[in-house]
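A short write-up of the structure that comes next.
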Amino acid sequence: MRPDGALTGPEPPLTTAPGPGVPGDAIDGLYRSHAVGLIRLALLLVGDRTTAEDVVQDSFLGLFRGWSRLRDPEHALSYLRTSVVNGCRSVQRARRTAWLRGQSPEPREPEPPVWSAEAAAMAGESQREVLAAVARLPRRQREVLALRYYAGLGDSEIAAVLRVSRGTVSSTASRALAALARQLGAEQ
Amino acid sequence: MNGGPVNGQVSDIENRLREAYRVAADTIQPDGIRTLYEPVTVIAPGRSRSRRPRRAPRGRVLLPLAAAAAIVAIVAGVPALLSGLPSAAPRPTGQAGRTGQAPGTAPAAARTRTSTLAVPPGAPPYFVALSGGANTSLYVYRTGIADPLLVVPVPHAGDSFYAVAATADPRTYVVATGHAYTCGTHLYALHLWSGSSPAYTPLPVPTLPEDVFALTVTPDARFLGYAGEYCDSPDGGTGDIGFVNLATGGISRWTAPGNEDIGSLSLSANGTQIGFVVQQTKLYQPLAGILPTDAPAGTIAQRAQVVVAQRLVVAGHQLTLAGAVPDAAALAPDGRTLYVCGASESAAHDPLLTVSGGTVTGRTALAGSGPCVLSLDPSGGFLLAQTSITAGHAAAVLELIDLATGTVTPLPAQGIGAQNDVWVTW
C-alpha cells in the first residue's frame, strides 16, 4: 500500500539545489508545524536525539529535492512520516551492520534502548520499564506502537506509513501488546 | 479492544505505553531543535568503548541442529501423528450441543447472553478464533451462537497462539505457538473433546526457526503449509512459505527476501497448491497468488503465479482489485478457484472476488471494510469472512457465505474484536 502522496519515479541525483517550483515557504511551514512531532517520533524509534534530528532533516531534504514529483502536496506529511520511519530503519540497519563487522560495540539485541539521560531524569520507574520493554520488541512492532500510541495514528494511517495492510498493522500491534503484557507482568 | 480475558491488562499496558511515550517525547521541545537544513556534526555513538567480538548468527547454529532433530522426529513421530490426527473423520451433524464435553477447558463466560441464529443446512457446526491482545486463548464457537463454546489455553504458560488451521474433523485443529522473546514456532495438533481436557500432540516437525504468521492444513491432515519470518532475518525481514508432508516430515521452502508479510494461506485438498497473500515485497505490489507445492526451492516471486494484485504486475496475466489491497485469499479444494478480498481505503465494503481460470467469475461486496479474513470450509461450500464496520467504534463483522446459493448469513460472535489479531477458521 502506498500513500497517495508517495514520491514516484527514480531517485533524483543528489543535489542541494531545489527543483523547479519548490515552494520553500511550504516546506518551512511544514517544518515549523511538524518537525517537533517527527523528531519525537524518530527519537522513540532510534533512541537518541542527535540521530533523530538527523533523520528528520534528511527527510525534509528529500521532500525538498522531490517536491516536483509529489503527486499531492496535501500528502506531504504522510510522505515525511514514511521517510522518517524509513530513515530510522536505515540508521538501525547501519548500527547492526557495524556491530556485525566488529566496528561497533553495540550488541545486535536488544536494539538501542529508547531512552536518554534527559528522559531518565524526567520519568519514573514505570515509564523506564515500559520503554525498556518496548526496546526489546522487533522493529516493526516498535514502529506500529510508536505510530499508534505516540503519534495517535489510526491503523489505516499506520498502514499507509509502513506500506503494509491494515490487517498487518492490527496483528502486529496485537503481538506487541501481548509481548509487553507478558514482559511487564513478569516484572511486577 | 474488546472481548477476551486479557483486555483489562492490555488496556493498562496501552495507558502505560502512552504515558511513557509522552514522557520520553517531551524531552524534545520546540525551542531546542535545529533550524531547517542546519549543518550538523555526527558523532559515532560509543566510540570509546571496547570492541565486542561478533556473535555467530543464531540461525547458523540452530539450522543444523534442527535438521538433525527433524530426522529423529520424523522417524519417531509418524505413527503418533497418524494416530493423533484424523483421516477425514466425519463431521458431527445435527444441533446437539457439545457444551460441557471438554472438562478442563475454561468454560465460556456469560452464557446467559447467548443468542442463536439459524444457519444454512450443511454449514460447518463450529469455527474457532484467535482474538484478544495476547492470543493466549483459542475461542471455539458453535456456528450461529454468539458466545464462545470453549476457551482453550495455550499448551505452555507464557506462550501465545500464532496461528490456527482447521482439519476436516471439527474436533481437531493444528496450531502454531511461540514465545514473544524466543524466536521460533512449535506446531501441535489440538484435539478437542478428546477426553478430560484438550490434548496437544506435537507434530513431527522440528521447532521452526522462524515466527509463523499463518497456517493451513489439508482436510485429511496429510500436508501443512505455513508462512513466517526467519529468526535470523536481516532487518527488513525474510519471509517464507513452508510446505510440510506430515507423513514423511519433508519440508519445502520458498523465500521472500525483504518481506515478512506473507499470510492468508490455504491449501488445495490434495496439497498440490498453496494460495497466499503477500502484503508487500520489493518485487511485487501486494498480491494474492498460488504456489505449486512441487516447485523447486527459490523465491516466491520466481515460483508463484500471481492471481490478483493491487496493481498490474505483468499486464494481462493477473487481475486487480479495483485499487484495494489484496488482504486475504482462500483456495478452493480443487485448487482452481481463488477467493480474494481486499482492504479498501475509500470503500465502505471490501470487495470479494471469485477468480477461476484467470477470470473473475464472481464479484460481491462484504458487509464491512478491511482488514478482511477469509476461511473456506473443507468441503469448499461455505466461506467465512471477517471484516469490520465503524459505527462510533470499530466492530467486527462475521459473515457466512453459502457459495452454492449465494446466501449471506451474519454470524454473531462475542469477543472477536475489530482491532485485534483475529483468525477465524472452520
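In the text below, chain A, chain B and the rest are named by the order of the sequence lines, each starting its count at 1. Values reported hereafter were calculated over all heavy atoms of this structure, with side chains retained and with hydrogens, waters and symmetry mates removed. Since we're looking at a predicted model, the values are computed, not measured.
- In this view, B:Arg22 and B:Glu19, B:Asp26 satisfy the salt bridge (charged side-chain N to carboxylate O under 4.0 Å, His left out) rule, not counting sequence neighbours.
- For the atom pair CD1 of B:Ile13 and CG of A:Leu184, the computed distance is 4.5 Å after rounding to the nearest 0.5 Å.
- Here the CG atom belonging to B:Asp12 is positioned 11.0 Å from the CG atom belonging to A:Leu180, to the nearest 0.5 angstrom.
- The closest side-chain heavy-atom distance from B:Thr35 to A:Tyr31 is not below 4.5 Å.
- Residues A:Val130 and B:Tyr21 have side chains not in contact (no heavy-atom distance under 4.5 Å, counting atoms from C-beta outward).
- When heavy atoms are compared at a cutoff of 4.5 Å, A:Ala146 approaches chain B by way of both its backbone and its side chain.
- Between A:Leu131 and B:Ala24, the shortest heavy-atom contact is CD1-CB, 3.7 Å.
- No side-chain heavy atom of B:Thr27 sits less than 4.5 Å from a side-chain heavy atom of A:Arg49.
- A pairwise comparison of heavy atoms in B:Pro30 and A:Val36 identifies CA-CG2, 3.6 Å as the closest pair.
- The side-chain heavy atoms of A:Asp54 and B:Arg34, taken from C-beta on, include a pair separated by under 4.5 Å.
- Neither the backbone nor the side chain of A:Leu41 comes within contact range of chain B; no heavy atoms are under 4.5 Å apart.
- How far CD of A:Gln127 is from CZ of B:Arg16: 8.5 Å, rounded to the nearest 0.5 Å.
- With sequence neighbours excluded, the residues that form a side chain to side chain contact (heavy atoms under 4.5 Å, CB included) with B:Thr177 are B:Pro155, B:Asp159, B:Phe161, B:Val175, B:His186, B:Tyr188.
- Judged by distance alone, the side chain of A:Arg40 and the main-chain N or O of B:Ile28 form a donor-acceptor pair under 3.5 Å.
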